[in-house]
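Scroll down for the structure; my scribbles are underneath it.
Below, all heavy atoms of this structure are taken into account, side chains as well, without hydrogens, waters or symmetry copies. Chain A is the first sequence line, chain B the second, and so forth, proteins listed ahead of strands; every chain is numbered from 1. It should be emphasised that the depicted structure is a prediction, and the values quoted were computed from it without experimental measurement.
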Amino acid sequence: MTADTGERLIILGVSESDAHAVANQLIAMHLREQGFTVINLGVCTPLSDFAAACDQHPHAEAVLIGSLNGHAYQDLAELPALRAAGRLRCPVIVGGNVSVGQDTTSEQRGRLLALGVDHLLADASRIVPLLDMLRSARNTHATPAHDARIR
Amino acid sequence: MTADTGERLIILGVSESDAHAVANQLIAMHLREQGFTVINLGVCTPLSDFAAACDQHPHAEAVLIGSLNGHAYQDLAELPALRAAGRLRCPVIVGGNVSVGQDTTSEQRGRLLALGVDHLLADASRIVPLLDMLRSARNTHATPAHDARIR
Amino acid sequence: MLSSRLKATLPRWEQIMEGLREPGPHIVDVLRMADATGRPAVQPRCGVGDHREMLRLLEELGTTGADVLTVTVDSHTRLGQYATAQRLLRDSPDDLNGYPLVTHGWRRGRELRGRVPHPLQVRHGSPDARDLFAIALASGVTAFEGGGIGYNLPYSKDVPLKTTLGSWQRIDAVCGALAKDGVLVDRELFGTLSAVLMPPSISLAITLLEAAAAAREGVRCVSPAYPQSGEMHQDIAALRAIRMLGRRYLGTDVEVFPVLHEFMGPFPRTPQYANFLIMYGGLTARLGRASKVVSKTAKESYGIPDAAANAEGILNTILGTSDLLDFVRVDEDRVAEEESWILQEVGELVEPLFSGEDLLGGVVEAFQTGRLDIPFSASVHAHSDVVPARDRGGAVRYADPGALPFSSATRSRHARQLSARTGAARRTTSLIERITRDINYFLDKERTVLPAIDERPLP
Amino acid sequence: MLSSRLKATLPRWEQIMEGLREPGPHIVDVLRMADATGRPAVQPRCGVGDHREMLRLLEELGTTGADVLTVTVDSHTRLGQYATAQRLLRDSPDDLNGYPLVTHGWRRGRELRGRVPHPLQVRHGSPDARDLFAIALASGVTAFEGGGIGYNLPYSKDVPLKTTLGSWQRIDAVCGALAKDGVLVDRELFGTLSAVLMPPSISLAITLLEAAAAAREGVRCVSPAYPQSGEMHQDIAALRAIRMLGRRYLGTDVEVFPVLHEFMGPFPRTPQYANFLIMYGGLTARLGRASKVVSKTAKESYGIPDAAANAEGILNTILGTSDLLDFVRVDEDRVAEEESWILQEVGELVEPLFSGEDLLGGVVEAFQTGRLDIPFSASVHAHSDVVPARDRGGAVRYADPGALPFSSATRSRHARQLSARTGAARRTTSLIERITRDINYFLDKERTVLPAIDERPLP
Ligand code: B12
Ligand code: B12
């Protein structure tokens, strides 16, 4: 599938230690209803499986990783190494409740961004607007400002 | 009635701006059950009425003043003047909820003690023990230490 | 009717009428809506001395979902000690346990009225409230609490009933005139009385007599208030009985809105338990189809609640009235039986008075002879011979009906209901211990329901 | 059965038996007492990484009136990642979302057991819990949660049902042996499954199958757990149906204790509303005569609750079960009807499997063909074709029963119940919006019941 056949492909899954499937399945349904092709790797997906899916689908618009059980940081520990090895090159969007304990404090968000996570979303309804924004930024060939603010 | 006929007389009432009658009537019942003679002046009793009752019953063991509506300090403002004029000479015991707002802070208790209140009681069940203690102190002719701690 | 000094400060009558006709929602709209939806209106008690603080308090409570807000007047103002109230307002407003409405005056009253979209009610406790009533009207407030008995016996030591019944008769006459001009003043009648272990038939009889007196002056909207006893079947029965008595004795041209005052007795210290009881009060109001419920706060046993405690009280009351509890049913037979007893007892108390010509004179005479009475009266003008007690299920019965003109059937029923209490409790404990335990009904339950945990600093 | 490395750390079997025979109260005593009094036992969920903190947490929660306490195991330990759990315990214990029981070992487990007078239960979610079970027994714990289906499909991505059913069969066999020696292990079965909009008949069918499998291994005490849907009549009916199904399919030598898991869906943010729902869960458990209720905390939607939030959850649950609400009745006809539907649906799901000889093989095959299924399965070994939806009253129905072998009567009833939903809601909204709204059932009620007040920092 080439980028210009208009097919918008997304790689979706839940982080390695997390088995929460509800949001994952609802997001897959939602994106498919919006016309996206969704490769849903399901719950408990190690980062290496996401990387393999990226290799298989180089034109994926983004990798969406959900995490609710508060272990996002441990589950994404390999991201810097994978990125250094030239893999998982497309934007990585992480969503859900990304840290153990109360609200996700900025310090915990900072830890994830430091790993190389490109965007953090608290709410699934923000996914499609973000994907549209990233695509338009790519199309104007402007180098996308490394914008890691929470949408 | 003389002190030694064994009759134990108490003057009871509620402070001037306070109309709470329940505790007042229960305390009167309780003291009568315990053998006291109770002169119950009832609710909304100005300090001058307490003083008049003291004049009429010089052998009263104590004057019991209840206050629940938080205005004890204003209602007892005349106590220093009356005491200076040699009236209300027997111990003045004040009980109930003696200040507006949450718990009675030590500062509010201090204000009342400064006016000359001899004892402050939160709970009516402390009344008879205090009266017995005061009487035994009087009988041993030891000058009762000006003990104003909360029982 | 008013002191000339006060009259001088008031606006002209037309100006007052104009204020009263400003767009609502007026109290009567809120009460009619409550009856239509079956969801009681919720009203907190609130009142602080400083005007700006009072505005802020009303605004904050206005956002919590309360349907009616309150201006609780301080003790000095209610006793006419305007100079003391003024001095305290100047020197130490925090020492005022309510809003000194007379000292602040009607212009500031209008400012309170205009600051929130909810109708305001003035609650106080004055034996002679004509000054307060005038300023409330001038402020645009059409919800006013009080009556010749309910605002005398529980609050004042030695004011003759003839005097208070007379002063409230004049207030009701003004309300009658306003009603003819299409302005409906809601007159809430303080059936709570001395608020502790109040037998339902005394509360309902006294508010019914006050309502009848008001109706004769042309009042067209009354809210008889009943204090929650805590036993659900009895409370539902009492609220239902208020509507039945209204139809039976007040005819059809007076709108009757039953009001529940949430449990007034000493309140538990554990926040969760206090909040649960407040929710329980909301549920009682809905199951009894009350038009309005006056909410409590968890701080009840400490002192005047702050805004946050009041807001929490409102939220928990609303939850008790919410559709989440619409599934709840009750033992209808047991409620019907309680209601029949209440209606019979009220009849035995009021019918002798309704048959006489001079209603108010009859009431005064009945209190003198004890044929009308209340427990724990602050006033010397009631015998206080009535001694209440809870039966095994927690319902309030007459341990001693004093000189109340009850039939032998009524007297023996109460004796039977109280004799069934556990033998031990009845014999050994003194009267004061037994009454205090009945007063602390909800406190003792706290120990059996929740373990003796210290007052934990919960979030 | 166990890895040799782990076996080496365990005490001798006689020592384990000695520990299990120490004086109680044991879990089965607490559950029998709950059934006798009609007051469900209350149990919080709690688990922190550090051992001393866990001791303190258990001690504090022990003083709140809870009847059973929990050791919730962290995600890594449940997946057998003992090295990761050990590393986190050493470096950053706060990053563990539970107690790493394997890493801490049975001696520390016994210390937990001995520190509080309440029975402990180990809750986890492991597909293969044999290590955890061994250490729990060695720690003197006789309450263990999990089963071959309930601890596979909602928690694991790709573990064959044959494997988990097999590993839990061995655990149940040990329980059978212990039962013969007079030690009753209570086996709680996770009928909550994926915990969101779980149709009652799926939850009850799956726990019934797990209970039947356990009984065949000699287990004598099972606690089928059911997740509160929030619609009171349906929840009461489901809890009653558990006892009926136990009598019908498990015979008389297995004790069945129905357990209610308080509402697992997303939780409201307003503290008063969250506490109200927690109390509501306690009331549901008592009205449904559950033996035990697992309480929630108001912090549910934020993360792991701290001790104070947990204590508040326990207190509010206890209030829901208290005698203050003994007056509450329900529409018995409506509950009986819901129960009859549940019993019919469970029959249609399980009877084909009970008639075959190989129960476990039949279950595996049924999931492969969709004749058994759950919504939102984490595991690839269930179709996840079942789509749930709430009817107008809030009860959970089947919008799409997938390949479940329901009769046409059952299918048309669900279709009829869902068609009555407001037309607008059904037509315009997408599936995800409709499901999300049903999941957020209690959140949306918060907006209608309580006004849109910001999250006020209430005391
Ligand atoms: C019943 C009641 C009333 C009734 C009184 C009827 C009557 N005739 O008695 C009514 C409804 C009329 C009423 C009115 C008001 N009340 Co009031 N009332 C109460 C309530 C609910 C119970 C009090 C009671 O009877 N308790 C039962 C008895 C047995 O216990 P008790 O009174 O607490 O007494 C114990 C101790 O205080 C002590 N004690 C009491 N008196 C004495 C005396 C002595 C000598 C001693 C040693 C001990 C002692 O021993 C008793 C047993 O342990 C309390 C709140 C509560 N739940 O406690 C508010 C309360 C006392 N009232 C309060 C207020 C503010 C008022 C009003 C000013 C409200 C208003 N703005 O209109 C008016 C005041 C009118 C006036 N002029 O004083 C506040 C006081 C606030 C404060 N102190 O900061 C309270 C605490 C409620 C609140 N939290 O707002 N009230
Ligand atoms: C259902 C549920 C479960 C079910 C899951 C079943 C299943 N197969 O899915 C069960 C019972 C199995 C379960 C187990 C556990 N759970 Co759980 N669970 C929940 C619960 C109650 C609801 C989650 C849910 O489905 N919500 C409905 C969906 C629609 O909303 P959502 O998941 O919140 O997703 C929204 C956002 O997060 C976001 N989002 C989600 N994913 C993604 C992905 C992307 C890319 C984006 C952009 C956005 C996004 O958009 C969604 C819609 O707005 C929550 C608490 C709650 N009330 O929220 C706890 C919760 C998530 N669980 C929690 C925990 C701790 C666990 C356990 C570890 C408990 C334990 N110790 O055993 C285990 C974990 C097992 C594991 N291996 O991961 C904690 C997480 C704590 C933390 N983060 O600090 C929570 C918050 C409960 C709590 N407060 O303790 N759980």
Side-chain angles (χ1 to χ4, degrees), chain B residues 12-36 38 40-46 48-50 66-78 96-105 107-108 111-112 122-128, chain C residues 48-49 74-79 81 84-85 87-88 91-98 125 127 151-159 193-198 264-266 269 299 301-306 309 374-380 382 384 387-388 430-436 439 455:
Chain B
L12 172 69
V14 187
S15 66
E16 186 167 4
S17 73
D18 189 343
H20 290 91
V22 179
N24 171 265
Q25 292 184 15
L26 291 179
I27 290 171
M29 276 189 248
H30 178 63
L31 292 177
R32 286 174 182 134
E33 263 174 27
Q34 302 291 313
F36 288 87
V38 179
N40 188 357
L41 305 177
V43 298
C44 298
T45 301
S48 48
D49 287 7
F50 284 109
S67 167
L68 281 183
N69 70 356
H71 286 193
Y73 186 71
Q74 292 85 11
D75 293 342
L76 301 176
E78 300 312 308
N97 184 337
V98 286
S99 71
V100 177
Q102 310 308 18
D103 280 322
T104 315
T105 60
E107 178 254 334
Q108 278 134 355
R111 282 206 311 180
L112 289 170
D123 192 324
S125 59
R126 308 298 312 152
I127 294 174
V128 174
Chain C
V48 285
D74 67 287
S75 302
H76 295 293
T77 303
R78 83 183 46 179
L79 297 174
Q81 303 158 350
T84 317
R87 181 170 51 75
L88 284 176
D91 303 343
S92 58
D94 287 352
D95 281 346
L96 281 168
N97 60 15
Y151 262 14
N152 179 338
L153 301 182
Y155 286 102
S156 310
K157 177 169 187 171
D158 187 3
V159 178
L193 297 165
S194 30
V196 171
L197 294 176
M198 188 51 58
M264 288 285 280
R269 290 237 166 194
K299 291 280 181 302
S301 55
Y302 305 144
I304 311 289
D306 55 23
I374 68 170
F376 309 122
S377 164
S379 165
V380 297
S384 282
V387 178
S430 70
L431 182 61
I432 183 172
E433 276 159 356
R434 207 256 307 131
I435 288 189
T436 306
I439 289 173
E455 197 184 326

Which atoms of C:Pro375 come close to chain B, meaning under 4.5 Å heavy atom to heavy atom: side chain ones, backbone ones, both, or neither?
neither

Interchain contact, C:Leu88 with chain B, by part (heavy-atom threshold 4.5 Å)
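Only the side chain of C:Leu88 comes within 4.5 Å of chain B.
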
Sort B:Ser125 into side chain, backbone, both or neither according to what part of it lies under 4.5 angstrom from a heavy atom of chain C.
neither

As an exercise, state the distance from CG of B:Leu68 to CG of C:Asn97, rounded to the nearest 0.5 Å.
11.5 Å

Nearest 0.5 Å, please: how far is CD1 in C:Ile435 from NE2 in B:His30?
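Between B:His30 NE2 and C:Ile435 CD1, I get 13.0 Å after rounding to 0.5 Å.
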
Would you say that [X] contacts [Y] through its side chain, given a criterion of any heavy-atom pair below 4.5 Å between the two side chains?
X	Y	value
C:Lys157	B:Thr45	yes
B:Gln74	C:Asp95	yes
C:Tyr155	B:Val43	no

Measure across [X] and [Y] and return the closest heavy-atom pair with its distance rounded to 0.1 Å.
X	Y	value
C:Ala378	B:Ala19	CB-O, 3.3 Å
C:His76	B:Ser17	CE1-CB, 4.2 Å
C:Ser377	B:Gln25	O-NE2, 3.0 Å

Mark yes when over 12 heavy atoms from residues, nucleotides or ligands other than B:Glu78 sit less than 6.0 Å from its CD; otherwise mark no.
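No, because the 6.0 Å sphere around CD of B:Glu78 holds 12 heavy atoms or fewer from other groups.
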
So which residue, C:Ser384, C:Ser156, C:Ser379, ends up with the most heavy-atom pairs under 4.5 Å with chain B?
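Winner by heavy-atom pair count: C:Ser384.
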
For B:Phe50, the ring-ring contact (aromatic ring centres under 6.0 Å, His included) test, sequence neighbours excluded, returns none

